[in-house]
Structures are given as C-alpha cells and as structure tokens.
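One structure is given here, and the rest of the page talks about it.
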Amino acid sequence: MELKDVRKFLEKLNQEDIIFDPHFYKRARERPINEKIVRSFLFQLNRLEKIEHGKKGRFKVWFKMSRKYSLVLIIEMQLSKGLQVNALRAAPLG
C-alpha cells in the first residue's frame, strides 16, 4: 500500500469508524496529545507526509504538526472495521 492508497482510505473514513486501542491511551497520558487531536489530524490529509509499512497490516503514518514536529501514529486499516489507532508519538522532523 502506498501513500495515495492510505490517503484514499482516510478520505472515506467516518469519525465513528475510528477505534483507539488501550495502548494509545497509555501513550497519550505520557504526551500532550489526545484523541480529539488525533481525530482532527486523520481528516487533515494535506498534513499527511509519509507512511511506513509495519507488521500485520499496520502502518506508521506521519502528519506534519508544525515546522518542528510531526505526529506519528501506528494504525491498522481494516476495510470492514475501519481504522484502529494503536500508538502515537510526536517526533522532531528529520
């Protein structure tokens, strides 16, 4: 799957199709990022910078937050179930 495929999937996504894994909430407590911010970024496709393939249908996606930081999400895209957000971090651009 390429960046354009992920972008197409996200374009068709509804808010109710987004599921957050318990691991996401653990990581969110450690960072100044919450579910509302992540939901907002998932619909701002102009900020989607790149993707990296992971294990078992998982992807790491980067959304540009500012000139200095990117929001990095570990997601699972399931055509029948929607999108699951598994983890997050804010990373310096580089």
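Everything numeric here is computed off the predicted structure, so don't read it as measured data. Just the heavy atoms: all of them, side chains too, but no hydrogens, waters or symmetry mates, feed the values below.
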Using the rule given for side-chain contact (heavy atoms from CB on, under 4.5 Å), can you reason through Trp62 versus Glu52, listing the C-alpha separation, both sets of side-chain angles and the distance that settles it, and then say yes or no? CA-CA 9 Å; Trp62 280 260; Glu52 183 179 304; 3.4 Å; yes
Under the rule for ring pair (Phe, Tyr, Trp, His ring centres under 6.0 Å), what residues qualify as partners of Phe43, not counting sequence neighbours? none
State, yes or no, whether a side-chain contact exists between [X] and [Y] at a heavy-atom distance under 4.5 Å.
X: Phe41; Y: Leu73; answer: no
X: Leu42; Y: Phe63; answer: yes
X: Val61; Y: Leu10; answer: no
X: Met77; Y: Phe59; answer: yes

Rounded to the nearest 0.5 Å, what's the gap from [atom1] on [X] to [atom2] on [Y]? Could you check?
X: Glu2; Y: Lys50; atom1: CD; atom2: NZ; result: 15.5 Å
X: Gln84; Y: Ile75; atom1: CD; atom2: CD1; result: 10.5 Å
X: Leu13; Y: Gln15; atom1: CG; atom2: CD; result: 7.5 Å

Applying salt bridge (charged side-chain N to carboxylate O under 4.0 Å, His left out), name anything that partners Arg39, two or more places apart in sequence or on another chain. Glu35
For the pair [X] (side chain) and [Y] (backbone), establish whether a donor and an acceptor sit closer than 3.5 Å, ignoring hydrogens and angles.
X: Ser70; Y: Val72; result: no
X: Asp21; Y: His23; result: yes
X: Arg7; Y: Leu45; result: yes
X: Arg47; Y: Lys64; result: yes

Using a strict threshold of under 4.0 Å (side-chain N to carboxylate O), is an ion pair present between Glu30 and Arg27? yes
Please report the shortest heavy-atom distance between Ile37 and Pro32, naming the atom on each side.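 For Ile37 versus Pro32, the nearest heavy atoms are CD1-O, 4.0 Å.
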Shortest non-hydrogen contact from Leu71 to Met65?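 For Leu71 versus Met65, the nearest heavy atoms are N-CG, 3.4 Å.
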